[in-house]
Amino acid sequence: MSARVLVVDDMEANVKLLEARLTAEYYDVVTANSGLEALSICAAGDVDIILLDVMMPGIDGFEVCRRLKTDPKTAHMPVVMVTALDQPADRVKGLEAGADDFLTKPVDEIALLARVRSLARLKVAVDDLRVRADTSANLGMRDAIAEVINEKDLRGRILLVEDRPSSTERIVKALMPMHVIDVEATPQDALIRAAEGNYDLMIIS
């Protein structure tokens with residue numbers, strides 16, 4: 001599956017490295033050396049995935065991500081934060097900004113390609129939903145996607161696959177006020193439960 005990937009980093013060597021790895025896998029690569037340049041490219045709308053460096057002069061990656069995710073024209077674009085920061089607080093900050101995934105420098109090639117491949121599939125699915133929503137709107141039909149977004153109860157059904165009671169307790173405690181959590185300790189039971197249940201998300205140890 002091919003996709004257009006925007007690589008954003010103020011260090012030219014980092015840009016060239018990611019560009020070479022992705023081009024070798026037949027991805028179409030666009031590059032930017034600053035946050036403002038990245039925002040301009042994304043505004044044009046011809047990007048599928050963004051690999052975004054965190055530490056940049058001027059507008060850092062967190063702010064770029066925040067602006068992308070708050071703009072309806074770019075909110076659907078998957079953003080992977082590429083960072084040398086490895087503290088949990090930094091990841092939380094990235095998630096709060098709207099990041100979809102993380103890569104830690106130096107970037108592992110297998111992890112890079114796995115994330116890009118996964119997010120490329122996600123982008124195709126999101127684009128398909130957006131086309132359907134636009135078509136429905138043009139035909140004067142109700143906008144089901146907007147109705148879901150505006151629902152008061154946005155609780156998700158989550159299947160947690162974890163065999164350690166201490167981890168299970170912490171995760172359930174954190175998510176239970178907002179979501180419905182089911183727990184399975186073994187992969188086999190989890191597969192059966194997932195096939196039978198209408199889950200929005202699976203969290204797997």
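In this text the structure is predicted, and so the values were computed from the model without any measurement.
Contacts of Asn198 classified as side chain to side chain donor-acceptor pair (under 3.5 Å), with partners at least two apart in sequence or in another chain: none. Partners of Thr104 by side chain to side chain donor-acceptor pair (under 3.5 Å), not counting sequence neighbours, listed by chain and number: Arg91. With sequence neighbours excluded, no residue satisfies side chain to side chain donor-acceptor pair (under 3.5 Å) with Asp60. Legend: residues meeting side chain to side chain donor-acceptor pair (under 3.5 Å) with Ser118, ordered by chain and number and at least two apart, are absent.
Residue Ile110 shares its hydrophobic cluster (ILVMFWY side chains chained together at separations under 4.5 Å) with no other residue. Under a 4.5 Å side-chain heavy-atom cut-off, the cluster of Ile, Leu, Val, Met, Phe, Trp and Tyr residues that includes Ile158 is completed by Leu160, Ile171, Val172, Leu175, Met176, Ile181, Val183, Leu201, Ile203.
Between Ser40 and Glu37, the closest side-chain pair of non-hydrogen atoms is not below 4.5 Å. Within the 4.5 Å cutoff, the side chain of Asp48 has no heavy atoms near those of the Leu6 side chain. Looking at Ile192 and Glu196, their side chains come closer than 4.5 Å, going by heavy atoms from C-beta outward. Counting heavy atoms from C-beta on, the side chains of Leu39 and Asp71 never come closer than 4.5 Å. In this structure the side chain of Asp163 never reaches within 4.5 angstrom of the side chain of Thr186, judged on heavy atoms. No side-chain heavy atom of Met81 sits less than 4.5 Å from a side-chain heavy atom of Leu103. The shortest side-chain heavy-atom distance between Arg21 and Val107 falls under the 4.5 Å cut-off. Side-chain contact check for Ser34 versus Met56: every heavy-atom pair is 4.5 Å or farther apart.
The number of heavy atoms from other shown groups lying within 6.0 Å of CD (Glu169) does not exceed 12. For Met55, the CE atom is loosely surrounded, since the number of other residues' heavy atoms within 6.0 Å does not exceed 12.
By the 4.0 Å N-to-carboxylate-O rule, Glu96 lies too far from Lys93 to be salt-bridged with it.
Taken from CG in Leu51 to OH in Tyr27, the straight-line distance is 10.5 Å, to the nearest 0.5 Å. Annotation: the span from Leu113 atom CG to Glu109 atom CD amounts to 5.5 Å, rounded to 0.5 Å. Atoms CG and OG1, on Asn14 and Thr31 in that order, are 12.5 Å from each other to the nearest 0.5 Å. The NZ atom of Lys16 sits 9.5 Å away from the OG1 atom of Thr23 when rounded to the nearest 0.5 Å. The structure places CG of Asp182 at 6.5 Å from CG of Leu159, a figure rounded to the nearest 0.5 Å. Atom CD of Glu63 and atom CG of Leu52 lie 11.0 Å apart (nearest 0.5 Å).
At least one donor-acceptor pair closer than 3.5 Å links the side chain of Lys69 to the backbone N or O of Ala75. Between the His179 side chain and the Arg157 main chain, no donor and acceptor come within less than 3.5 Å of each other. No donor-acceptor pair closer than 3.5 Å links the side chain of Ser205 to the backbone N or O of Glu162.
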Stepwise, does the side-chain contact (heavy atoms from CB on, under 4.5 Å) test hold for Lys105 with Val82? CA-CA 7 Å; Lys105 294 180 179 180; Val82 183; 3.9 Å; yes
Does the pair Arg67 and Ile59 meet the rule for a side-chain contact (heavy atoms from CB on, under 4.5 Å), with working shown? CA-CA 10 Å; Arg67 293 190 189 186; Ile59 303 176; 3.6 Å; yes
Run the side-chain contact (heavy atoms from CB on, under 4.5 Å) check on His76 and Asp127 step by step: do they pass? CA-CA 8 Å; His76 63 286; Asp127 285 348; 3.9 Å; yes
Test side-chain contact (heavy atoms from CB on, under 4.5 Å) applied to Val7 and Val30, step by step: CA-CA 6 Å; Val7 176; Val30 184; over 6 Å; no
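Hydrophobic clustering of Ile, Leu, Val, Met, Phe, Trp and Tyr side chains at less than 4.5 Å, counting indirect connections, keeps Leu191 apart from Val161. Placement of Leu17 and Ile50 in two distinct hydrophobic clusters is found when ILVMFWY residues are connected by side-chain heavy-atom separations under 4.5 Å, directly or transitively. In the hydrophobic clustering of ILVMFWY residues, with side-chain heavy atoms under 4.5 Å counting as a link, Val29 and Val116 come out together. Cluster annotation: Val64 and Leu95 are assigned to the same hydrophobic cluster (Ile/Leu/Val/Met/Phe/Trp/Tyr, side-chain heavy-atom contacts under 4.5 Å, transitive). Under the 4.5 Å side-chain heavy-atom criterion for Ile, Leu, Val, Met, Phe, Trp and Tyr, Leu36 and Ile41 are members of the same hydrophobic cluster.
Each of Asp101, Asp100, Asp108 was compared with Arg115 under the salt bridge (charged side-chain N to carboxylate O under 4.0 Å, His left out) criterion, and only Asp101 meets it.
A donor-acceptor pair shorter than 3.5 Å can be found between the side chains of Arg193 and Tyr199.
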